[in-house]
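Each remark here refers to the structure printed beneath this line.
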Amino acid sequence: MSSEPFPETEVQASDLNVLGKPLDVCSCQPMTGWFRDGHCRTDVGDLGRHSVCCVMTESFLSYSKAQGNDLSTPMPEFSFPGLQPGDHWCVCAPRWKEAHEDGMAPPVLLNSTESSTVEIIPLEILREHAHQGMS
């Protein structure tokens, strides 16, 4: 057996939420996330930055559809059931910011929103839209 200590595991920014704590799951029913693992984690390949965990609302679903991203229509060929109000979903940070500027931003689950989101959306704004019961 080696006397070498175990290598320290480096915590990736994508493993932390905007509050600096371990990133919680956003949704597995329906399955969401850039990596389709239920987490709103992103990497350099994710040009949309799917990092904001949101609670879908009727107004946001309509807004998103009007912007050309229909999230409510099922697409069985992609195993996508279509979203309903109340569903949790990873939204692109720039799209959420745009929706905020237009007064249509859905509530955010801070514990499930990746830390890199604050590069695009200030934490104060995310806190203002925190889902009830979330800090």
Side-chain angles (χ1 to χ4, degrees):
M1 214 166 15
S2 170
S3 62
E4 294 288 317
F6 290 105
E8 289 191 31
T9 305
E10 185 177 325
V11 175
Q12 302 288 320
S14 63
D15 296 331
L16 298 176
N17 63 35
V18 293
L19 304 174
K21 298 187 170 139
L23 187 66
D24 287 351
V25 168
C26 180
S27 176
C28 291
Q29 300 258 337
M31 187 61 75
T32 190
W34 172 246
F35 296 101
R36 287 297 187 258
D37 64 359
H39 291 89
C40 297
R41 297 182 303 116
T42 187
D43 66 10
V44 295
D46 177 12
L47 300 180
R49 305 266 312 244
H50 295 77
S51 63
V52 186
C53 181
C54 299
V55 179
M56 295 294 98
T57 61
E58 186 63 48
S59 60
F60 178 75
L61 290 169
S62 295
Y63 173 83
S64 186
K65 186 174 186 176
Q67 301 304 310
N69 187 18
D70 183 358
L71 297 172
S72 53
T73 301
M75 289 187 267
E77 64 273 22
F78 297 109
S79 300
F80 180 68
L83 300 178
Q84 304 294 320
D87 286 344
H88 296 179
W89 194 251
C90 296
V91 173
C92 297
R95 175 52 52 97
W96 190 94
K97 184 178 181 186
E98 177 185 19
H100 168 70
E101 291 166 356
D102 290 340
M104 303 299 285
V108 175
L109 295 171
L110 298 176
N111 291 332
S112 302
T113 296
E114 187 190 73
S115 62
S116 71
T117 302
V118 299
E119 296 169 9
I120 296 172
I121 308 162
L123 182 56
E124 310 85 71
I125 292 174
L126 292 169
R127 284 186 186 274
E128 289 171 12
H129 292 274
H131 186 262
Q132 297 217 343
M134 302 300 291
S135 56

### Summary
Quick note, salt bridge (Lys or Arg N to Asp or Glu O under 4.0 Å) partners involving residues 25-37, not counting sequence neighbours, are Asp37-Arg41
### Summary
For Ser51, the side chain to side chain donor-acceptor pair (under 3.5 Å) test, sequence neighbours excluded, returns Thr117
### Any residue meeting side chain to side chain donor-acceptor pair (under 3.5 Å) with Thr32, in chain and number order, not counting sequence neighbours
none
### Task
Take Cys26 and Cys90 through the side-chain contact (heavy atoms from CB on, under 4.5 Å) test and state the conclusion after the steps.
CA-CA 7 Å; Cys26 180; Cys90 296; 4.1 Å; yes
Approximate separation, where rounding is to 0.5 Å, of [X] [atom1] and [Y] [atom2]:
X	Y	atom1	atom2	answer
Thr42	Glu119	OG1	CD	9.5 Å
Met31	His39	CE	NE2	10.0 Å
Ile125	His100	CD1	NE2	4.0 Å
Cys53	Asp24	SG	CG	9.0 Å

## Note on the structure
With sequence neighbours left out, the residues meeting side-chain contact (heavy atoms from CB on, under 4.5 Å) with Glu128 are none
### Message
Tell me if a side-chain donor or acceptor on Arg49 pairs with a main-chain N or O of Ser116 at a distance below 3.5 Å.
### Response
yes
#### Entry: Heavy atoms from other residues, nucleotides or ligands near CD of Gln29 exceed 12 (cutoff 6.0 Å)
no
### Query
Quick one: ring pair (Phe, Tyr, Trp, His ring centres under 6.0 Å) partners of His50, sequence neighbours excluded?
Trp34
Below 3.5 Å, can you tabulate the donor-acceptor pairs from side chains in residues 54-64 to any protein atom, sequence neighbours excluded?
residue	atom	partner	partner atom	Å
Thr57	OG1	Ser59	OG	3.3
Thr57	OG1	Phe60	N	3.0
Ser62	OG	Glu58	O	3.2
Tyr63	OH	Asp102	OD2	2.7
Ser64	OG	Asn69	O	2.7

Hey, does [Y] have a side-chain heavy atom less than 4.5 Å from the side chain of [X]?
X	Y	result
His131	Val108	no
Ile120	Pro94	yes
Asn17	Thr113	no

Sequence neighbours left out, cut at 3.5 Å: what donor-acceptor pairs do the side chains of residues 76-85 make with other protein atoms?
none

### Task
Just do the side-chain contact (heavy atoms from CB on, under 4.5 Å) check on Leu16 and Leu23 with the steps written out, would you?
CA-CA 5 Å; Leu16 298 176; Leu23 187 66; 6.0 Å; no
### Query
Which residue pairs satisfy the side-chain hydrogen bond (donor to acceptor under 3.5 Å, both in side chains) criterion with at least one member in residues 88-97, sequence neighbours excluded?
Arg95-Glu98
